[in-house]
Amino acid sequence: MVTTDRGPYSSWLLAGALIVGAGLRFYGLDFGLPHTQARPDEGVLLHRALSVASGDLNPHFFNYPSLHIYVTAIACGLYYLLQLATGSIDGSAQFAARFVADPSELHLLGRSISAFYGIATIAVCAHLANRICGRRASEIAAWLLSMAFLHVRDSHFLAVDIAATFWGLLSVALMVNCCRPGSRNSWVAALALGLAISSKYSLALFLPALIYVGIGRHPQSLRSGCRESLMLLSVATAAFFITSPYVLLDVGSFLEDLTFEARHFGGGHGINLGNGWIHHLTVSLGLGLGWPLLLTSIAGLTWFVRQRTPEGVVLALACIGYFAVAGAGGTLFVRYGLPLVPLLCVTAAAWVSTQTRFHPRVGLAITILLLLVPGSRSIEHVALLARTDSRLLAAEWIESHISDGSVIAISGTDYSRPLLTPTRDWLAQRLSDVQENGHTGRRLRIALEAHEQAGPRYEILEVRAQNPQNLKSVVPPSLDTLIHRGAEWLLLPEHPLAYAETDAELLKGIRDAREVWRLQTIVCDNDEIAFDPIDAYFLPLTAHQCITHPGPSFRLLSLAGVAQPGEQSQW
């Protein structure tokens, strides 16, 4: 061990870190709801989980592994049984109808799973730091992770990343335990890593650390070490296949989706972000942790490597191996840095603890300084999450001021559009369109069969340049086309992210249109704010004080009298 300062946790300090961490992760957890696109990809995971909960154990989706889908499915099944037992519903049909009418409850359930995983990760982080460097390091590590901005942010999302980070950190903690003389049950570390890989494929990058542990446990016999490494790899593989069984049972779909993900990772996500290692270092980790904490963690990792202890080698293999591959691709989501966040909190805590061993007040002062940047960003971010989303505000204004049955054209993508109730004719046409594309349209059928909801309904025209499914409600960005289709109003989202862009030619055609309402959500110059440019998540990584509400800005224009068909260039 690096130090001998191991002992029982200071319960009040650890409890304080867990309480603060829980508050930051649960506050604002219902952000954006009932708009289900406030955080991209949540609906994909939830709908797959509901399909599994209904009896089809094959997720028919392998862009992610299956463990978190099954965990979410179990949670949804238990919630269904609770609703049934309390008489809130009378069967699966009513349960499905409630979900289609308002998906907030199940989205909140899925987000809560991530929040609990996030809190559990704080406890594991403290345990790992205690094993490596003692009690003071464990307390510092717990506080650093409890307020780490990137971890706080993503603990609010119904996604696989926080769950995978938990299992990955747990596997590293168990690997460190295996480095102790006389330790047993190394297979438990392999089991945890298998569950991590079954949550997200990229956690397989921790496998070199597991192999090292197997070999390192037998310094006198390379053959015995290789045999144990093979056993550990077998356990991890078995855990992966048991919790993602249709990887084997539906191998064709698995290979197709995995190939897509590999190409997507290497080819990029539409925007060239430059060198991946520099981007992850400066953006994912530099902004996700704050530069003081990141630099301290790098100093701690360097110090670990120089110590040449087995624990340090495990940490170095996990961190360096993951970072080396994560930065080699063209798709560089900020969230890809998440598995490194708790490990870097441990290395920073270990460095602060050892360097200030005889000056605890100095260590406390340094820890507070390290918490200032990520802590302030986390607090500002969750405070914004608790504010009403601009997409909900836009829907409220439209419903209060625009009459029932009006034809509204909306630019942008699904992520930037407000949640408006369509007419029954619109639903029927959309159902026909999706069925022609080979889909069942089950949610559309449920919506059509439901009782008429109170409030206005609208004919919605989705303004898109592409319409591969030939949906009748999708129109090209042409003013002539909008007027031919009877559009009375045009809603334009505005935001630095490309997901809210409007066609330049359409903007020229409507420059004389009358603006009837505006909602501005960004009050600073765009250059002052950093977003993840490839993620359709409209809150920033920095400068949260420049944001008034989550979501894009909006302008609502009246098209009455703007032009008549033929007055603009023909489509």
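- Side-chain contact annotation: Q83 with R98, donor-acceptor N/O pair under 3.5 Å present.
- The side-chain heavy atoms of W303 and T354, taken from C-beta on, include a pair separated by under 4.5 Å.
- Here side chain to side chain donor-acceptor pair (under 3.5 Å) pairs that include residues 364-378, with residues two or more places apart or in two chains, number zero.
- The ring of F99 has its center closer than 6.0 angstrom to the ring center of H47.
- Using a cutoff of 4.0 Å between basic side-chain nitrogens and carboxylate oxygens, E494 and R555 are scored as salt-bridged.
- One N or O on the side chain of S297 and one on the backbone of L294 form a donor-acceptor pair closer than 3.5 Å.
- C524 pairs with C546 as a disulfide, the SG atoms being under 2.5 Å apart.
- A donor-acceptor contact shorter than 3.5 Å is absent between the side chain of E311 and the backbone of I132.
- A donor-acceptor contact shorter than 3.5 Å links the side chain of T548 to the backbone of Q520.
- Side-chain atoms of H549 never come within 3.5 Å of backbone atoms of T521 as a donor-acceptor pair (strictly under, hydrogens ignored).
- Between the side chain of S138 and the backbone N or O of R135 there is at least one donor-acceptor pair closer than 3.5 Å.
- Every residue was checked against the side chain to side chain donor-acceptor pair (under 3.5 Å) condition with H495, not counting sequence neighbours, and none meets it.
- Judged by distance alone, the side chain of H156 and the main-chain N or O of L24 form a donor-acceptor pair under 3.5 Å.
- In this structure, the side chains of I211 and L232 stay at 4.5 Å or more apart for every pair of heavy atoms.
- For the pair T243 (side chain) and L67 (backbone), a donor-acceptor distance under 3.5 Å is absent.
- Checking H151 against R25 by side-chain atom types alone, a donor-acceptor pair falls below 3.5 Å.
- The distance between the ring centers of F116 and F26 falls below 6.0 angstrom.
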